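For reference, the structure is listed below as C-alpha cells.
Chain identifiers are assigned alphabetically (A, B, ...) following the order of the sequence lines, protein sequences preceding nucleic acid strands; residue numbering begins at 1 within each chain. What you see is a predicted model, and the numbers here were worked out from it, not measured in a lab.
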Amino acid sequence: MAQKAQPARGMRDVVPPVGEVRRQVANRILDVYTAHGFEVIETPAMEDLDVLVGSQGGDNEKLIFKVLKRGERLDEALARQDELADLGLRFDLTVPLARFVANHYNELPMPFKVAHVAPVWRAERPQKGRYREFSQCDIDIVGEPGVAAEVELCGATLEALEAVGVAGCTVRVNDRRLLRAAVDRWLGPIEGPGPVYIALDKLDKLGPERVAAELSGYDGAGVKALMGWLDSADPTDGPEEVAADLAATLASLSSTGRSVRFDPALVRGMGYYTGQIFEVSHPDVAYSLAGGGRYDGMTARFGAPALPMCGFSIGFERVCDMVDPDRFLRGRHRVAVLCSSQEEQLRCLAEASARRAGDPSATFNVLRRARNARKQADDLALLGYDQVVDGAGFAGPAQP
RNA sequence: GUGGCCGUAGCUCAGUUGGUUAGAGCGCCAGGUUGUGGCCCUGGAGGUCGGGGGUUCAAGUCCCCUCGGUCACCCCA
C-alpha cells in the first residue's frame with residue numbers, strides 16, 4: 001500500500017498561491033521591524049531539552065516535541081529507564097532568545113533590538129487558528145528597563161499589522177506586578193501564583209462562579225474581593241511605580257492614535273513575565289493575534305547577567321488567515337509565455353532572460369502549452385498572471 | 001487532556017431494508033475531431049471503501065477499538 005501523503009498531524013502543506021501571500025506578509029512585517037532598528041537573527045529549531053524545560057513556559061512545556069537520544073546513548077537510556085530525549089523543538093522564540101543573548105552577550109550592542117521570525121512547535125490538539133507547527137514574528141528589546149521598550153514594541157507590532165492590511169486591532173495591557181499585589185492583598189502571599197493567574201484569566205469566559213470554584217482552596221471572601229477588584233480595577237490600584245508605568249504606556253500609545261486599553265483580567269499563561277503584559281485582539285476572531293510582555297532576568301538562567309528584556313510576538317498564521325490575498329496577488333506584472341514546440345520554447349527562454357533583466361520586478365514564465373488550454377488559463381489567473389502570450393509572438397524564429 | 005460531527009479514486013461526491021467483478025463528474029495520461037490547443041468523442045492509469053477486530057452464508061453499509069480530519073472546551077500565536 002502506498003504511504004499516506006498527508007502531512008503530520010496538525011501540520012500543513014503550503015500550496016500556491018498561499019506561499020506567495022505568506023512570503024509577502026513576512027517581508028512586510030520584517031520591513032516594518034527593520035525600519036524600527038530591530039536586527040534580524042535566527043536560532044536553531046531544536047534546543048537542548050534542559051533549555052526548554054524549567055523555563056517557566058507554563059503549559060507549553062508539556063507540549064514539547066521531544067527528540068530521542070541517538071545510538072549508544074539511547075540504548076543506555078533505555079536500559080536504565082532514563083530520560084530518552086535530550087533535545088526538543090522550541091515551543092516559542094522567547095526562551096531560545098534568552099539563551100542566544102546569554103551566549104553572545106559580549107558581542108551584542110546594548111540595548112539590543114532583535115527581530116526573530118521562525119516556526120515553533122507545540123503538540124496541541126489542532127483546531128481553527130491553532131496548529132502544531134506555526135510561525136511567530138518576535139521583536140524584543142534587551143537592556144532597556146523603562147517603558148520606552150513596551151511603547152515601542154506595541155507601536156511597532158500594530159504598525160506591522162496595519163502594513164499587511166489588518167486594521168481595527170486593539171492592544172490590551174496589564175502588569176504582572178499589579179496582579180501580584182492584588183493576589184497578595186486578597187489571598188495573602190502565595191508561593192507560586194501561577195495557577196491563580198490562570199484561573200483569573202478565565203473570568204471573562206467562565207464567569208465569577210466557576211472561577212471561584214477553581215479557587216476553592218483559598219479564602220472565599222478574599223476570592224470574591226479579588227474578582228471584584230479585577231472587574232473594576234484601574235491602573236492606579238497598585239504600587240505607585242507600576243501605576244506610573246501603566247499610565248505612561250497607555251498615554252504614549254493613545255497619543256499616537258493607537259487603540260489601547262487597560263485590561264485588569266489579562267494574565268497570560270507564561271510564568272516568566274515580570275512586568276507589563278500585552279495582547280492584540282481583533283473583533284473578527286476569538287483568539288489573540290499577538291502576545292508579549294516583559295520578562296526581566298531570564299538570561300540569568302544561562303549564567304549571564306540578569307538583563308531587562310521585553311518582547312512582542314505576532315502569530316503569523318493567524319494574521320495570514322485574516323489578510324485579503326488579492327491585496328498581495330494582484331497588481332503585479334506577470335507574463336506567461338505558452339509555447340507549442342521545444343524550438344519555440346528555447347527561443348522564448350532566451351528572450352525571457354533579456355526581459356527579466358530589463359524589468360526585475362516582473363515575472364516572465366516560459367511554459368509548454370498544456371493540452372487543456374482553458375484549465376491552463378484558469379490556473380495561471382489564480383497564480384496572479386495578468387498576461388498570457390503566445391510564444392510565437394514573444395520570440396520570433398531565429399535569424400538564419 | 002475532554003467532547004460533538006465526519007473518513008468511498010488526486011478533488012467533489014453517489015452507493016436504496018447488508019446481496020454479483022465499487023460508480024459518476026472534474027482532473028491526469030494517450031488518441032480522434034476541431035482553421036495545433038478551450039467544445040465534442042474514444043480509450044487508459046488511479047480505490048485492499050482510513051486501519052484493525054467482531055456479527056453474518058454475505059459488510060462500503062451493522063457493532064467495538066484505533067488512527068486521521070474538523071469544530072468546541074482547556075490553554076495559547
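- Remark: side-chain polar atoms of Q24(A) are not paired, donor with acceptor, to backbone N or O of V164(A) under 3.5 angstrom.
- Out of A77(B), U36(B), U70(B), the shortest distance to the side chain of P126(A) is found at U70(B).
- With 3.5 Å as the limit, one finds no donor-acceptor pair spanning the side chains of R130(A) and Y287(A).
- Going from atom CG of D379(A) over to atom P of G27(B) covers 10 Å, rounded to whole Å.
- The partner of C39(B) cannot be assigned: no Watson-Crick or G-U wobble pair with both contacts below 3.5 Å exists in any strand.
- Here G292(A) lies out of heavy-atom contact (under 4.0 Å) with every strand.
- G44(B) and U36(B) have their C1' atoms separated by 23 Å, given to the nearest Å.
- Nucleotides G10(B) and C29(B), compared at atom P, are 16 Å apart to the nearest Å.
- For R122(A), the side-chain atoms get nearest to A77(B) when compared with the rest of A72(B), A77(B), G31(B).
- Side-chain atoms of R12(A) stay outside donor-acceptor range of the base of G69(B), with no qualifying N/O pair under 3.5 Å.
- Taking atom CG of N372(A) as the reference point, atom P of C41(B) lies 14 Å away to the nearest angstrom.
- Here F134(A) packs flat against the base of A77(B); its ring centre is closer than 5.5 angstrom to the base's six-membered ring, tilted by less than 30 degrees.
- The distance from atom CZ of R132(A) to atom C1' of G1(B) is 12 Å, rounded to the nearest whole Å.
- Using P as the reference atom, U12(B) and C71(B) are 15 Å apart when rounded to the nearest Å.
- Distance CZ (R125(A)) to C1' (A77(B)): 20 Å, rounded to an integer number of Å.
- For L63(A) and C74(B), the CG to P distance is 16 Å, given to the nearest whole Å.
- Between Q127(A) and the phosphate of U70(B), there is no side-chain N or O to OP1/OP2 separation shorter than 4.0 Å.
- No donor-acceptor contact under 3.5 angstrom links the side chains of S288(A) and R172(A), judged on distance only.
- Backbone-only contact: R268(A) has heavy atoms under 4.0 Å from sugar-phosphate atoms and none from a base.
- The backbone N or O of Y33(A) lies less than 3.5 Å from no partner atom in the side chain of K113(A), so there is not a single donor-acceptor pair.
- Comparing A373(A) and D59(A) along RNA chain B, the residue whose closest nucleotide (by nearest heavy atom) sits nearer the 5' end is A373(A).
- For the pair E317(A) CD and A77(B) P, the interatomic distance rounds to 13 Å; values are reported in whole Å.
- For E124(A) and A72(B), the CD to P distance is 14 Å, given to the nearest whole Å.
- When heavy atoms are screened at a 4.0 angstrom cut-off, K62(A) is found touching no nucleic acid atom at all.
- Nucleotides C73(B) and U17(B) have their P atoms positioned 38 Å apart, rounded to a whole Å.
- In this structure, A24(B) forms a base pair with U12(B), meeting either the Watson-Crick or the G-U wobble geometry with both donor-acceptor distances under 3.5 Å.
- A59(B) and G46(B) are spaced 25 Å apart, taking the P atom of each and rounding to whole Å.
- Using P as the reference atom, U8(B) and G50(B) are 6 Å apart when rounded to the nearest Å.
- Between the side chains of T363(A) and N365(A), no donor-acceptor pair is found at a separation under 3.5 Å.
- Within the 4.0 angstrom heavy-atom criterion, only backbone atoms of the sugar-phosphate kind lie near S288(A); the bases stay farther away.
- A 3.5 Å limit on both hydrogen-bonding distances identifies U2(B) as the Watson-Crick or G-U partner of A72(B).
- Each of E279(A) and R368(A) was assigned the nucleotide of RNA chain B with the nearest heavy atom; the assignment lying further toward the 5' end belongs to R368(A).
- Relative to the six-membered ring of Y273(A), R268(A) misses at least one condition, a distance below 6.0 Å or an angle of at most 45° to the axis.
- Atom C1' of nucleotide C28(B) and atom CD of Q376(A) are separated by 14 Å, given to the nearest angstrom.
- Comparing C13(B) with G52(B), their P atoms sit 25 Å apart, to the nearest whole Å.
- Listed nucleotides: U36(B), G31(B), A77(B). Nearest to the side chain of R130(A): A77(B).
- Within 4.0 Å (heavy atoms only), Y131(A) reaches at least one base atom of the nucleic acid.
- Nucleotides U56(B) and G19(B), compared at atom C1', are 12 Å apart to the nearest Å.
- R9(A) comes within 4.0 angstrom of the backbone, heavy atoms only, and of no base.
- Residues D140(A) and Y295(A) are in side-chain contact: their nearest non-hydrogen atoms beyond the backbone lie under 4.5 Å apart.
- Looking at Q276(A), its side chain never comes within 3.5 Å of a backbone N or O of T249(A) through a donor-acceptor pair.
- Across all strands shown, A377(A) has no heavy atoms under 4.0 Å from either base or sugar-phosphate atoms.
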